[in-house]
Number of protein chains: 2
Amino acid sequence: MLRKASGAMLGRCESAARSLKLLAHPQRLRILCHLADGEKTVRDLEALCGASQSLVSQSLARMRSEGLVACRRRGQFVAYHIEDPRILKLIVSLHEVFCPS
Amino acid sequence: MLRKASGAMLGRCESAARSLKLLAHPQRLRILCHLADGEKTVRDLEALCGASQSLVSQSLARMRSEGLVACRRRGQFVAYHIEDPRILKLIVSLHEVFCPS
DNA sequence: TTAGAATATTATAATATTCTAATATGTTAC
DNA sequence: GTAACATATTAGAATATTATAATATTCTAA
């Protein structure tokens with residue numbers, strides 16, 4: 001018994017895919033994994049991920065514009081955290097699935 | 001306390017990102033959601049997703065080449081199913097996160 | 001206010017992805 | 001065999017993504 005996909009399903013897949021696209025990149029995924037561990041500054045993330053300042057900043061900007069992360073200034077630094085609780089849940093799931101202990 | 005990302009983490013992010021890239025597309029995500037519901041033929045998926053034969057077949061081929069799905073011939077048809085149990089888990093997680101009941 | 005460090009932005013070349021159309025292959029029924 | 005249907009593959013234009021380099025902004029300390 002095949003039911004045509006509902007409009008709701010189409011929309012949810014669009015939306016989920018848009019978020020997933022941001023996770024589907026090694027650099028951004030690494031950033032999110034580190035943020036899942038707690039707030040980090042751009043500088044921290046550069047060091048943790050071994051990526052250039054520009055790339056880290058661009059990655060964060062893109063994820064910020066989609067509401068995945070948010071930031072606040074801490075003195076000289078800008079500290080980022082995961083803003084969307086759904087993304088945090090996904091990172092946890094990804095860890096369970098891809099990082100068996 | 002910042003620890004540099006381990007080599008293992010780098011590798012796992014690469015691998016997870018490679019899989020996620022295949023989920024991060026509305027058309028392919030729809031296909032996977034339908035397959036999570038049970039085996040489907042290419043023809044079924046064309047109808048369910050409202051996509052062209054070529055596109056559905058290409059999408060399936062790409063996911064097949066990465067081991068996400070597998071297929072078997074059923075008479076005149078070819079029926080696909082989710083092959084990688086990790087992908088099935090992810091689809092379930094995505095449903096929990098993006099499709100609140 | 002100036003220097004220097006941290007972050008953001010912009011432009012761009014290189015590369016990858018997506019979708020469509022055309023064609024090929026495989027299967028069943030006759 | 002051939003017709004008709006199901007699936008796969010190929011080629012290609014349109015578009016999107018990525019990483020680097022260069023520059024701009026924002027803050028702090030002196």
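Naming convention: chains lettered A, B, ... in sequence-line order (proteins, then strands); numbering from 1 in each chain.
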Handout entry: Distance, rounded to the nearest Å, where A:Q76 contributes CD and C:dT7 contributes C1'
Key = 10 Å
Problem - Side-chain donor/acceptor of A:R28 to backbone N/O of A:L22, under 3.5 Å - result: yes
Problem - Ion pair A:K40/A:E46, N-O distance below 4.0 Å - result: no
Exercise for the section: Apply the test side chain to side chain contact (heavy atoms under 4.5 Å, CB included) to residues A:I91 and A:L29: give CA-CA distance (whole Å), side-chain angles for both, the deciding distance (0.1 Å), then the verdict. Expected result: CA-CA 9 Å; A:I91 295 291; A:L29 187 54; 4.0 Å; yes
Practice task
Grab the two heavy atoms, one from A:L68 and one from A:S19, that are nearest each other, plus how far apart they are.
Solution key: CD2-O, 4.5 Å
Practice task
Starting at atom CD1 of A:I31, determine the distance to atom C1' of D:dT18, rounded to an integer number of angstrom.
Solution key: 13 Å
Exercise for the section: Compare the minimum distances between each of C:dT7, C:dT17, D:dA6 and the side chain of B:K21, then state the nucleotide with the smallest one. Expected result: C:dT17
Exercise for the section: Please report, rounded to the nearest Å, how far the P atom of C:dT18 is from the CZ atom of B:R30. Expected result: 13 Å
Exercise for the section: Establish, with yes or no, whether the OP1 or OP2 oxygen of D:dC27 is under 4.0 angstrom from a side-chain nitrogen or oxygen of A:R73. Expected result: yes
Exercise for the section: Measure distances between side-chain N and O atoms of A:S54 and base N and O atoms of C:dT9, and say whether any donor-acceptor pair falls under 3.5 Å. Expected result: yes
Practice task
Output yes when at least one side-chain N/O atom of B:H25 is less than 4.0 Å from OP1 or OP2 of C:dT17, else no.
Solution key: no
Handout entry: Atom-to-atom span, CZ of B:R62 to P of C:dA16 - whole angstrom
Key = 12 Å
Practice task
Check the pair B:S59, B:L55 against side chain to side chain contact (heavy atoms under 4.5 Å, CB included), reporting the backbone distance first and the verdict last.
Solution key: CA-CA 6 Å; B:S59 300; B:L55 188 50; 4.2 Å; yes
Problem - Nearest-angstrom distance from the residue atom CD of A:E66 to P of D:dA16 - result: 14 Å
Practice task
State whether B:R74 places a side-chain N or O below 4.0 Å from either non-bridging phosphate oxygen (OP1 or OP2) of C:dT27.
Solution key: no
Practice task
Write down the distance between CD (A:E14) and P (C:dT18), rounded to a whole number of angstrom.
Solution key: 13 Å
Practice task
Would you indicate, yes or no, if C:dT18 has its OP1 or OP2 atom less than 4.0 angstrom from a side-chain nitrogen or oxygen of B:R28?
Solution key: yes
Problem - A:Y80 vs C:dA8: side-chain N/O to OP1/OP2 distance below 4.0 Å - result: yes
Practice task
Quick one: look up who D:dA30 pairs with, Watson-Crick or G-U, both distances under 3.5 Å, and put none if it's unpaired.
Solution key: C:dT1
Problem - Salt-bridge criterion met for A:E96 and B:K89 (N-O under 4.0 Å) - result: no
Exercise for the section: Check whether the side chain of A:Q53 and the base of C:dA8 form a donor-acceptor pair under 3.5 Å. Expected result: yes
Practice task
Could you check how far CG of A:L55 sits from C1' of D:dA21, rounded to whole Å?
Solution key: 13 Å
Handout entry: Identified pairing partner of D:dA6, criterion: Watson-Crick or G-U wobble below 3.5 Å
Key = C:dT25
Exercise for the section: Please state how far atom CG in B:L60 lies from atom P in D:dT9, giving the value in whole angstrom units. Expected result: 11 Å
Completion exercise
Ranking C:dA8, D:dT7, C:dA6 by distance to the side chain of A:F77, first place goes to C:dA6
Practice task
Please tell me which of A:G75 and B:S57 maps to the more 5' nucleotide of DNA chain D, matching each residue to the nucleotide holding its nearest heavy atom.
Solution key: B:S57
Completion exercise
Mate of C:dT17 across any strand shown (Watson-Crick or G-U wobble, both atom pairs under 3.5 Å) is D:dA14
Fill in the blank from the handout: Comparing nearest nucleotides in DNA chain C, the 5'-proximal residue of the pair B:Q58, A:R64 is A:R64
Completion exercise
Ranking C:dA8, D:dT9, C:dT28 by distance to the side chain of B:A61, first place goes to D:dT9
Handout entry: From C:dT17, C:dT7, D:dA6, nucleotide with atom closest to A:V42 side chain
Key = C:dT7
